[in-house]
J.: 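Okay, handing you the structure first.
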Number of protein chains: 2
Amino acid sequence: MRQKTAGIQDVARLSGVSTATVSRALSHPERVAESTREAVLRAVQETGYVANSLARNLRRRRTGSILALVPNLANPFFSQILSGLSSVLSPAGYGLLIADTLADPDPRARLAHYFDSGLVDGLVVFDATLPDPALMQRAHPPLLMACEWRGELPSVTVDNAEGAAIAIRHLLESGHRRIAHVTGPRGNVLTESRLQGAAGALAEAGLALHDDWTFTGDFGIASGAQAAARWLALADRPTAVFCASDEMACGFMGALQQAGIAVPGEVSVIGFDDIEVAGHLTPALTTIRQPRRDIGERAAHLLVDMIDQRSLMGPSERIAVELIRRQSVKSPG
Amino acid sequence: MRQKTAGIQDVARLSGVSTATVSRALSHPERVAESTREAVLRAVQETGYVANSLARNLRRRRTGSILALVPNLANPFFSQILSGLSSVLSPAGYGLLIADTLADPDPRARLAHYFDSGLVDGLVVFDATLPDPALMQRAHPPLLMACEWRGELPSVTVDNAEGAAIAIRHLLESGHRRIAHVTGPRGNVLTESRLQGAAGALAEAGLALHDDWTFTGDFGIASGAQAAARWLALADRPTAVFCASDEMACGFMGALQQAGIAVPGEVSVIGFDDIEVAGHLTPALTTIRQPRRDIGERAAHLLVDMIDQRSLMGPSERIAVELIRRQSVKSPG
DNA sequence: CTGTTAGCGCATTCAG
DNA sequence: CTGAATGCGCTAACAG
């Protein structure tokens, strides 16, 4: 059934040269006479030879793959990012391994495993709660943080505080003064950063973020719906809500509409992320766009550069966000 | 900076045994005396030794990773499936590599690369348009189709025709007779299968699928919105629409609502997939649920079994779908 | 139970 | 420009 695949020896024999020459003809074509190169290539065609990556990598001391550590693979937020990563990694000769950090009972152990096993040439880490390898005092391949960040590690992030400020200012400019905020999980760097940006923009207008109007969520749809229930229970309801993720905005609007509240008639809603469905909701969701594909692409580039330079350090990059005006925000009253 | 990691030699020296014993103590603890095992383990602790997977895999002739070939990684439909895959692969000792088949200009070449390079122990293929490796006459690791299928290859699929039939019957039972269908891309196995299931259920009721009422989409949101434009242009409008994916249903409903058409007041809409957002739309989308996480998990199990048995063949599995009644379908008129 | 001996398949010295 | 020799780091036979 499974005919054994041709080895470099077979090619060498068929083309009448040594295995060393075959290897060179394939890896460094210019260092070989044209005639022999052709002979080798012909033999490669004939045998269908493809170098065994395991052996090649062992010899070259590189694995040809990079690992993305994402918290909750099931979150569709990452799909575009992974796609961006893949689209630059693939042409650069790297495969993309992905692992779910949430699924893992013991992230420390697993991380240690990845670090030392020589399984990957680099890592893109989307989860700031993972232990910092530098602090673990161990050898490890280049590592880049993305979306979330931590310490001085190189990273690709979005301007979260500014995005939140833009969202709040948009609400303010539309005439809202009574503004609520649905946050991500407390302690998360994105949550805190957006919270701070929102509070700052509010302060500029002489307003503050009421505790009663700050609902803690977890970035997921269901938590947005829960926040809606809390909003509904309020005697004194804010006229606008800034949700720290589109998913939460979606859950929030959905639950409100189920309860017979009009959006944006009775409450304006603004999200964060600009997930694909945002523009197709009713009303279409006004939000802060986070260019997820770009994040993936930039992360891949930066990481590949670090690998090329054999450096654990590298530049960080901050990507701008953008207000996308749609229909879920209007003037109050 | 990057201290060189300890090798098996270091552990052997430190614990006063041979490298072979170290290897055994780690891979087959029971074949080693307890006292030596302890000594080895202690040395491992001390040195922080982690076996180099490249060398180990070269020797064992396995790679420890399996590859998922998905058409369009950016499609969030796959995120749950990947999560399911990962959750069983990880404990089974496999890493998950993912590659986007759409992004690749020459899938044949890349596929050949994966097959022969010994990079992976198995593949899960979500794209039926890829060439069949068996027909390519080459050695390759076990392969399992998922979601889509092709020829006699082992697969994990959902009962697409039945799901479509259930959707149509639900519309019929609600009193609809004038039913439209928004399909996936023509030629796609899922598209054809759902089309056939829908036509069958319609035929049972003495009805047929009108060409004028069959809109071709591509499973994406935008194509659903385009279908809505065509529905709006109809002089004689169907009272219900079966969309072959939730994303299309979402785009369809959104565009209709923008145009001032009430759902389900003027048209009932039913989708397929049950993506997470479906229940949070307004109206909440009635749909056919496809258990995506289960699909991933089952695929992983079947593939691991094939690998364990060193077999290119294996059982196929069909997973049941389920009608999720929500609010986007009601009686006409 | 343990050490010795051979490679896994390839890329890279080092001579010629 | 090419070939012969030498491991990459580890595990599987095979003896002892």
Side-chain angles (χ1 to χ4, degrees), chain A residues 3-41 43-44 47-64 93 113 115-121 139 141, chain B residues 3-41 43-44 47-64 93 113 115-121 139 141:
Chain A
Q3 71 225 45
K4 74 169 67 83
T5 95
I8 198 172
Q9 305 257 25
D10 303 299
V11 179
R13 205 160 2 197
L14 191 61
S15 51
V17 297
S18 72
T19 61
T21 301
V22 173
S23 174
R24 271 186 297 249
L26 295 174
S27 307
H28 309 283
E30 74 284 1
R31 295 186 201 166
V32 138
E34 181 162 346
S35 59
T36 53
R37 191 192 323 151
E38 279 168 5
V40 169
L41 260 32
V44 167
T47 56
Y49 170 73
V50 176
N52 176 311
S53 334
L54 249 35
R56 157 177 292 176
N57 290 340
L58 174 58
R59 188 58 235 251
R60 286 191 176 162
R61 281 119 169 281
R62 56 99 70 176
T63 69
H113 173 73
F115 285 162
D116 292 335
S117 64
L119 248 182
V120 299
D121 294 332
Chain B
Q3 70 224 49
K4 75 169 67 81
T5 94
I8 199 172
Q9 305 259 24
D10 303 300
V11 179
R13 203 160 2 194
L14 190 60
S15 51
V17 297
S18 74
T19 61
T21 300
V22 173
S23 174
R24 270 187 298 247
L26 296 174
S27 307
H28 308 283
E30 73 285 1
R31 295 188 202 166
V32 136
E34 182 162 343
S35 58
T36 54
R37 190 192 325 149
E38 280 169 4
V40 169
L41 259 33
V44 167
T47 56
Y49 170 73
V50 176
N52 177 312
S53 336
L54 251 34
R56 156 178 293 177
N57 289 341
L58 175 58
R59 188 58 238 249
R60 286 192 177 163
R61 280 122 169 281
R62 56 99 70 176
T63 69
H113 172 73
F115 285 163
D116 292 335
S117 64
L119 250 181
V120 300
D121 294 332

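Chain letters run A, B, ... following the sequence lines, proteins first and then strands; every chain starts at 1.
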J.: Considering just the side-chain nitrogens and oxygens of B/T36, establish if one lies under 4.0 Å of OP1 or OP2 belonging to C/dT2.
T.: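 B/T36 to C/dT2 OP1/OP2: side-chain N or O found under 4.0 Å.
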J.: Starting at CG of A/L58 and ending at P of C/dG7, how long is that distance when rounded to a whole Å?
T.: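 In whole Å, C/dG7 P lies 17 Å from A/L58 CG.
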J.: Nearest to the side chain of B/A20, which nucleotide is it out of D/dG9, C/dC10, D/dA12?
T.: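 Shortest atom-to-atom distance from the side chain points to D/dA12.
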J.: Any base atoms under 4.0 Å from A/V22, or only sugar-phosphate, or nothing? Heavy atoms, all strands.
T.: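 The answer is nothing, as A/V22 stays clear of every strand by at least 4.0 Å.
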J.: In Å and rounded to the nearest 0.5 Å, what is the CZ to CG distance from A/R60 to A/D121?
T.: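 A/R60 atom CZ to A/D121 atom CG measures 11.0 Å (nearest 0.5 Å).
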J.: Return the value, rounded to whole Å, for the distance between atom CD of B/E38 and atom P of C/dT2.
T.: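 B/E38 atom CD is separated from C/dT2 atom P by 12 Å.
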J.: Round to a whole Å and report the spacing from CZ of A/R61 to P of C/dT13.
T.: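 For the pair A/R61 CZ and C/dT13 P, the rounded distance is 12 Å.
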J.: How far does OG1 of A/T19 sit from CZ of A/R24, to the nearest 0.5 angstrom?
T.: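 The OG1 atom of A/T19 sits 9.0 Å away from the CZ atom of A/R24.
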J.: Please evaluate residues A/R56 and A/R59 with respect to the criterion side-chain contact (heavy atoms from CB on, under 4.5 Å), reporting the C-alpha separation (whole Å), side-chain torsions for both, the decisive distance (0.1 Å), and the verdict.
T.: CA-CA 5 Å; A/R56 157 177 292 176; A/R59 188 58 235 251; 5.9 Å; no
J.: Apply the test side-chain contact (heavy atoms from CB on, under 4.5 Å) to residues A/V17 and A/V11: give CA-CA distance (whole Å), side-chain angles for both, the deciding distance (0.1 Å), then the verdict.
T.: CA-CA 8 Å; A/V17 297; A/V11 179; over 6 Å; no
J.: If you apply the rule side-chain contact (heavy atoms from CB on, under 4.5 Å), what do you find for A/L54 with A/L58, and how did you get there?
T.: CA-CA 6 Å; A/L54 249 35; A/L58 174 58; over 6 Å; no
J.: Just how far, in rounded Å, is C1' of C/dT12 from CG of A/N57?
T.: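 Atom CG in A/N57 sits about 15 Å away from atom C1' in C/dT12.
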J.: Return the OG to CZ distance between B/S15 and B/R37, rounded to the nearest 0.5 Å.
T.: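 If I round to the nearest 0.5 Å, the distance is 13.5 Å.
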J.: Find which nucleotide of DNA chain C each of B/S35 and A/R60 is nearest to by heavy atoms, and output the residue with the more 5' nucleotide.
T.: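 Nearest-nucleotide comparison on DNA chain C picks B/S35.
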J.: If you only use heavy atoms from C-beta on, which nucleotide in C/dC10, D/dG3, D/dG9 is closest to the side chain of B/R59?
T.: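 Nearest listed nucleotide: D/dG9.
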J.: Considering just the side-chain nitrogens and oxygens of A/R56, establish if one lies under 4.0 Å of OP1 or OP2 belonging to D/dC8.
T.: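 False: A/R56 side-chain N/O out of range (4.0 Å or more) of D/dC8 OP1/OP2.
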J.: In residues 23-33 of chain B, which ones come under 4.0 Å of DNA chain C, going by heavy atoms?
T.: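 B/R24, B/R31, B/V32, B/A33 - these, ordered by number, are the residues of the stretch whose heavy atoms sit under 4.0 Å from the strand.
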J.: Once you round it to whole Å, what is the distance between C1' of C/dT2 and CD1 of B/I8?
T.: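 Atom CD1 in B/I8 sits about 14 Å away from atom C1' in C/dT2.
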J.: What do you reckon, is CD of A/E30 surrounded by more than 12 foreign heavy atoms closer than 6.0 Å?
T.: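 For A/E30, atom CD is crowded (more than 12 foreign heavy atoms under 6.0 Å).
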J.: Can you tell me if the side-chain N/O atoms of A/T21 get under 4.0 Å from OP1 or OP2 in D/dG3?
T.: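 True: A/T21 side-chain N/O within range (under 4.0 Å) of D/dG3 OP1/OP2.
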J.: Please give, in whole Å, the distance from C/dG9 P to B/L119 CG?
T.: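 Rounding to the nearest Å, CG of B/L119 and P of C/dG9 are 15 Å apart.
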J.: Rounded to the nearest angstrom, tell me the gap between atom CG in A/L54 and atom C1' in C/dG7.
T.: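 For the pair A/L54 CG and C/dG7 C1', the rounded distance is 15 Å.
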J.: So which nucleotide from D/dG3, C/dG3, D/dC10 ends up closest to the side chain of B/N52?
T.: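 Among the listed nucleotides, the one closest to the side chain of B/N52 is D/dC10.
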J.: For the pair made of CD in A/Q9 and P in D/dA4, what is the distance, rounded to whole Å?
T.: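 Taking atom P of D/dA4 as the reference, CD of A/Q9 is at 11 Å.
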